[in-house]
Enquirer: 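Structure incoming, see below.
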Amino acid sequence: MTAPQPTVFTNSHLYDKDFYLWIETTAKQLKEGRFSEVDLENLIEEIECMGRSEKHALESNLVVLLIHLLKYKYQPEKRSNSWNATIREHRRRLRITFKDSPSLKPYFQEVLPECYQDVRKQASDETDLSLDTFPVECPFTGDECLDEEFLPD
């Protein structure tokens with residue numbers, strides 16, 4: 001009678017059983033040029049997911065920035081250092097995103113109006129101001145959103 005052999009997973013099975021080990025194994029295979037062993041299907045899926053994550057992070061930072069710009073503009077009596085710090089921080093995050101991935105800048109311009117529509121409703125909820133207080137079209141340009149010196153009047 002022979003001793004039971006440990007279970008050996010193929011790289012595609014490893015993906016489901018131990019994701020971190022799958023990453024290490026895949027990276028090693030790529031570095032060593034063992035391309036025929038690479039789990040291409042899951043690798044492609046992960047790369048595509050990374051791209052979606054970058055876009056989602058950009059949108060998230062833009063939403064936070066826009067809501068604080070609206071609150072700054074439409075509630076001047078409530079302006080605070082905290083709002084200024086939040087505006088500065090999310091501009092910084094966007095700046096880093098564009099430094100690392102300049103090809104996302106056109107996506108920023110594309111998604112700005114869509115994000116604004118969500119933000120407009122959220123701003124109304126957070127401020128107790130009527131939705132009609134906030135313009136239907138975004139009152140800030142993409143350049144203004146990213147300009148470190150810009151604060152709305």
Side-chain angles (χ1 to χ4, degrees), residues 2-73 80-127 131 134-152:
T2 60
Q5 297 296 312
T7 305
V8 176
F9 294 111
T10 63
N11 207 12
S12 62
H13 289 108
L14 194 55
Y15 180 83
D16 294 324
K17 300 296 180 190
D18 189 335
F19 183 71
Y20 184 75
L21 184 56
W22 175 85
I23 289 171
E24 287 184 321
T25 301
T26 301
K28 183 177 180 184
Q29 290 167 334
L30 291 169
K31 285 177 186 175
E32 294 174 355
R34 298 180 359 230
F35 304 119
S36 64
E37 297 175 30
V38 172
D39 175 13
L40 280 179
E41 184 179 331
N42 286 317
L43 180 59
I44 290 167
E45 182 180 324
E46 288 303 317
I47 290 172
E48 289 172 342
C49 185
M50 288 170 57
R52 286 189 301 273
S53 293
E54 289 296 308
K55 284 182 171 182
H56 291 191
L58 182 150
E59 291 173 29
S60 178
N61 286 309
L62 177 57
V63 163
V64 173
L65 174 61
L66 286 171
I67 193 133
H68 280 80
L69 289 173
L70 283 178
K71 288 173 17 177
Y72 190 94
K73 180 175 178 74
S80 67
N81 289 336
S82 174
W83 286 1
N84 290 340
T86 298
I87 290 168
R88 185 175 307 282
E89 172 61 18
H90 288 275
R91 283 178 170 156
R92 183 190 70 78
R93 291 179 187 189
L94 288 167
R95 195 172 50 252
I96 290 168
T97 295
F98 298 139
K99 181 181 175 194
D100 291 344
S101 301
S103 63
L104 282 174
K105 198 113 188 221
Y107 181 74
F108 168 82
Q109 294 294 343
E110 175 188 325
V111 78
L112 176 61
E114 179 184 324
C115 286
Y116 176 72
Q117 293 309 310
D118 293 334
V119 163
R120 185 172 172 256
K121 294 170 190 158
Q122 187 176 344
S124 177
D125 292 343
E126 285 191 25
T127 63
L131 184 61
F134 307 103
V136 173
E137 301 295 321
C138 185
F140 317 115
T141 67
D143 288 341
E144 287 172 333
C145 288
L146 299 174
D147 181 349
E148 291 183 44
E149 302 303 317
F150 172 77
L151 288 172

Enquirer: Between Arg91 (side chain only) and Asp147 (backbone N and O only), is there a donor and an acceptor less than 3.5 Å apart?
Expert: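 Present.
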
Enquirer: Do Phe35 and Leu40 come close enough that some side-chain heavy atom pair is under 4.5 Å?
Expert: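 Not touching, per the 4.5 Å side-chain cut-off.
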
Enquirer: Can you name the residues that form a side-chain contact (heavy atoms from CB on, under 4.5 Å) with Thr26, not counting sequence neighbours?
Expert: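 With sequence neighbours excluded, Thr26 shows a side-chain contact (heavy atoms from CB on, under 4.5 Å) to Asn11, Trp22, Gln29, Leu30, Val38, Leu43, given in chain and number order.
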
Enquirer: For Arg88, look at atom CZ and say whether over 12 heavy atoms of other residues, nucleotides or ligands are found less than 6.0 Å away.
Expert: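 No, the 6.0 Å shell around CZ holds no more than 12 heavy atoms from other groups.
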
Enquirer: What's the spacing between Leu69 CG and Ile87 CD1 if we round to 0.5 Å?
Expert: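 That separation rounds to 4.5 Å.
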
Enquirer: Which residue pairs pass the side chain to side chain donor-acceptor pair (under 3.5 Å) test with at least one member in residues 100-113, sequence neighbours excluded?
Expert: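 Output for this query lists Glu59-Tyr107.
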
Enquirer: Let me see the working for Cys145 and Phe150 under side chain to side chain contact (heavy atoms under 4.5 Å, CB included), right down to the final yes or no.
Expert: CA-CA 7 Å; Cys145 288; Phe150 172 77; over 6 Å; no

Enquirer: With rounding to the nearest 0.5 Å, note down the distance linking CG in Leu151 to CG in Asn84.
Expert: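 With rounding to 0.5 Å, CG (Leu151) is 6.0 Å from CG (Asn84).
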
Enquirer: So, for Pro152 and Phe140, which heavy atoms are closest and what is the spacing to 0.1 Å?
Expert: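 Taking Pro152 first and Phe140 second, the nearest heavy atoms are CB-CE2, 3.7 Å.
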
Enquirer: Measure the OH-CD distance between Tyr15 and Glu41 for me, rounded to the nearest 0.5 Å.
Expert: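 Tyr15 OH to Glu41 CD: 9.5 Å, rounded to 0.5 Å.
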
Enquirer: Side chains of residues 112-126: which donor-acceptor partners sit under 3.5 Å, not counting sequence neighbours?
Expert:
unit_1	atom_1	unit_2	atom_2	d
Tyr116	OH	Pro135	O	2.6
Gln117	NE2	Val136	O	2.6
Arg120	NE	Phe134	O	2.9
Arg120	NE	Pro135	O	3.2
Arg120	NH2	Leu131	O	3.3
Arg120	NH2	Phe134	O	3.3
Gln122	NE2	Glu126	OE2	3.0
Ser124	OG	Leu129	O	2.7
Ser124	OG	Leu131	N	3.4
Glu126	OE1	Lys71	NZ	3.0

Enquirer: Mind checking what makes salt bridge (charged side-chain N to carboxylate O under 4.0 Å, His left out) contact with Glu46, not counting sequence neighbours?
Expert: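 Here no residue qualifies.
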
Enquirer: So which atom in Glu144 and which in Pro139 form the shortest heavy-atom distance, rounded to 0.1 Å?
Expert: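 Closest approach of Glu144 to Pro139, heavy atoms only: OE1-O, 3.8 Å.
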
Enquirer: Strictly below 4.0 Å, N to O, side chains only: are Arg92 and Glu148 in salt-bridge contact?
Expert: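 Salt bridge: no.
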
Enquirer: Can you name the salt bridge (charged side-chain N to carboxylate O under 4.0 Å, His left out) partners of Arg34, sequence neighbours left out?
Expert: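 Once residues adjacent in sequence are excluded, the partners of Arg34 under the salt bridge (charged side-chain N to carboxylate O under 4.0 Å, His left out) criterion are Glu32, Glu37.
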
Enquirer: What are the two closest heavy atoms between Leu66 and Cys138, and how far apart are they?
Expert: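 Leu66 and Cys138 have their closest heavy atoms at CD2-SG, 4.1 Å.
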
Enquirer: For Leu94 and Leu58, which heavy atoms make the closest approach, and how far apart are they?
Expert: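 Heavy atoms only, the tightest pair is CD2-O, 3.8 Å.
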
Enquirer: Judged by atom type as modelled, is there a donor-acceptor pair below 3.5 Å linking the side chain of Arg95 to the main-chain atoms of Leu146?
Expert: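 Judged by distance alone, no pair lies under 3.5 Å.
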
Enquirer: Start with the C-alpha distance between Leu14 and Phe19, add both sets of side-chain angles, then the distance that settles side chain to side chain contact (heavy atoms under 4.5 Å, CB included), and finish with yes or no.
Expert: CA-CA 7 Å; Leu14 194 55; Phe19 183 71; over 6 Å; no

Enquirer: Please output the side-chain donor-acceptor pairs of residues 47-57 that fall under 3.5 Å, not counting sequence neighbours, one pair per line with the distance.
Expert:
unit_1	atom_1	unit_2	atom_2	d
Ser53	OG	Cys49	O	3.1

Enquirer: If you measure from the Lys or Arg side-chain nitrogens to the Asp or Glu carboxylate oxygens, is any gap between Glu24 and Lys28 under 4.0 Å?
Expert: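 Result for this pair is no, no salt bridge flagged.
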
Enquirer: What's the separation between atom CG in Leu62 and atom CZ in Arg93, rounded to the nearest 0.5 Å?
Expert: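 Going from the CG atom of Leu62 to the CZ atom of Arg93 covers 13.0 Å.
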
